[in-house]
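As structure tokens, the structure follows; a few thoughts come after it.
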Amino acid sequence: MKSFLLKGKQPIVKWGMLPNNIYFEGNVPEGYNLAVSPSDKYIVIDVDNHGDIDGFSNIPMLVQAELNASFNYPTKNNGRHYWFYYTGSKPLGNKTSGLGIDLRTNKGYVVWYPKEDVRNCLDEIRPTSDHLNKWLEKLFSYK
């Protein structure tokens, strides 16, 4: 993983060039946000809920229970970021589903809203189940 600053929604560094395990240290300055890019098999399921978009309505009940069991936090617009360690075998893309649910892999990043350092939360990130893998692969694998 790596973390870096955003000005608005734009990174202030060429974050793709940062090696893993480089983290922004200290307080986030006023007017900036902290972003985290997952690494390796870590993924973030980004569920949006604003305007006419309600990604939560597109999550199967069995999947929702698993999402709630892993590390997650609310986003600025009433959505949630759900963190997982992906155990599936199909490559997943850093992309949107058109259902108000996006996936962020090591090719993307999310705004980090918790006050705690991401490194202190790794133990709360759960591996994906076979059921969750099938759902993720249906939405986000390369076809």
Side-chain angles (χ1 to χ4, degrees), residues 1-28 32-143:
M1 291 194 201
K2 54 186 134 185
S3 65
F4 47 91
L5 291 177
L6 302 173
K7 180 71 172 171
K9 293 187 175 187
Q10 297 299 317
I12 65 168
V13 296
K14 291 188 178 195
W15 68 273
M17 303 290 286
L18 292 174
N20 280 332
N21 301 317
I22 297 293
Y23 298 94
F24 176 80
E25 301 284 349
N27 294 323
V28 175
Y32 291 82
N33 289 308
L34 187 63
V36 176
S37 176
S39 59
D40 303 322
K41 299 282 255 177
Y42 288 96
I43 59 170
V44 181
I45 301 167
D46 178 5
V47 181
D48 296 323
N49 186 18
H50 55 84
D52 293 342
I53 300 170
D54 181 5
F56 293 105
S57 66
N58 294 309
I59 299 172
M61 192 179 305
L62 187 58
V63 170
Q64 185 66 56
E66 189 169 348
L67 294 181
N68 291 335
S70 192
F71 179 72
N72 68 86
Y73 54 86
T75 63
K76 187 170 100 177
N77 291 320
N78 302 314
R80 277 197 109 64
H81 289 163
Y82 297 93
W83 287 71
F84 283 93
Y85 184 83
Y86 177 60
T87 62
S89 58
K90 292 185 179 178
L92 298 177
N94 183 72
K95 58 187 195 174
T96 63
S97 67
L99 300 172
I101 304 167
D102 306 329
L103 188 72
R104 296 297 168 245
T105 67
N106 63 342
K107 303 287 186 208
Y109 59 86
V110 294
V111 176
W112 180 257
Y113 293 103
K115 300 292 183 209
E116 191 167 358
D117 190 302
V118 65
R119 294 168 282 188
N120 296 333
C121 301
L122 297 178
D123 290 344
E124 298 176 53
I125 298 173
R126 303 289 171 245
T128 53
S129 68
D130 288 340
H131 182 76
L132 182 56
N133 288 340
K134 286 178 185 165
W135 183 71
L136 288 168
E137 291 162 0
K138 181 180 175 185
L139 291 176
F140 302 110
S141 67
Y142 294 105
K143 297 178 179 163

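No experiment lies behind these values; they were computed from the predicted model shown. Here, residue 1 is the first one in the sequence, and each next residue gets the next number. All values below were derived from every heavy atom in this structure, side-chain atoms included, with hydrogens, water molecules and symmetry-related copies excluded.
Note that the CG atom of Asp46 and the CG atom of Asn72 stand 12.0 Å from one another [nearest 0.5 Å]. Remark: Tyr86 OH to Thr128 OG1 distance equals 7.0 Å, nearest 0.5 Å. Here the NZ atom belonging to Lys41 is positioned 7.5 Å from the OG1 atom belonging to Thr87, to the nearest 0.5 angstrom. To the nearest 0.5 Å, atom CG of residue Asn106 and atom NZ of residue Lys2 are 7.5 Å apart. Atom OG in Ser141 sits 13.5 Å away from atom NZ in Lys134 (nearest 0.5 Å).
Not counting sequence neighbours, the partners of Tyr73 by the side-chain contact (heavy atoms from CB on, under 4.5 Å) test are Phe71, His81, Trp83, Val110, Trp112, Tyr113, Pro114. Residues passing the side-chain contact (heavy atoms from CB on, under 4.5 Å) test with Pro11, sequence neighbours excluded: Phe4, Leu6, Trp15, Tyr109. Ser70 meets the side chain to side chain donor-acceptor pair (under 3.5 Å) test with no other residue; sequence neighbours excluded. Remark: Arg104 pairs with Asp102 by the salt bridge (charged side-chain N to carboxylate O under 4.0 Å, His left out) rule, at least two apart or across chains.
Taking each heavy atom of Lys95 and Leu139 in turn, the nearest pair found is CE-O, 4.0 Å. Minimum interatomic distance between Leu5 and Leu34 (heavy atoms only, all atoms of both residues): CD2-CD1, 4.3 Å. Phe56 approaches Val47 most closely through the heavy-atom pair N-CG1, 3.5 Å. The minimum heavy-atom distance linking Ser37 with Gly108 is given by the pair OG-O, 2.8 Å.
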Please list, one pair per line, the donor and acceptor atoms closer than 3.5 Å that link side chains of residues 19-26 to other protein atoms, with sequence neighbours excluded.
unit_1: Tyr23; atom_1: OH; unit_2: Met1; atom_2: O; d: 3.4
unit_1: Glu25; atom_1: OE2; unit_2: Arg119; atom_2: NH1; d: 3.4
unit_1: Glu25; atom_1: OE2; unit_2: Arg119; atom_2: NH2; d: 3.0

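The residue from Leu136, Leu132, Val44 that alone fulfils the side chain to side chain contact (heavy atoms under 4.5 Å, CB included) condition with Phe84 is Leu132. Test Thr105, Ile45, Ile101 against Phe140 for side chain to side chain contact (heavy atoms under 4.5 Å, CB included) and you get one pass: Ile101.
Dense packing is recorded around CG of Asn77, with more than 12 heavy atoms of other residues, nucleotides or ligands lying under 6.0 Å away. For Lys90, the NZ atom counts as loosely surrounded, since its 6.0 Å shell holds 12 or fewer non-hydrogen atoms of other residues, nucleotides or ligands. Under a cut-off of 6.0 angstrom, the local environment of CG in Asp123 is sparse, with at most 12 non-hydrogen atoms contributed by other residues, nucleotides or ligands.
Put simply, the side chain of Lys107 never gets that close to the backbone of Asn94: no donor and acceptor are under 3.5 Å apart.
Here the side chains of Asn33 and Val28 are not in contact, with every heavy-atom distance at 4.5 Å or above. Using a 4.5 Å cut-off on side-chain heavy atoms (C-beta onward), Leu103 and Ile43 make contact.
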One pair to check against side-chain contact (heavy atoms from CB on, under 4.5 Å): Val63 and His131. What are the steps and the verdict? CA-CA 8 Å; Val63 170; His131 182 76; 3.8 Å; yes

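For residues 51-67, the pairs satisfying side-chain hydrogen bond (donor to acceptor under 3.5 Å, both in side chains) are Gln64-Asn68, Gln64-Tyr82, Glu66-Ser129, with sequence neighbours left out.
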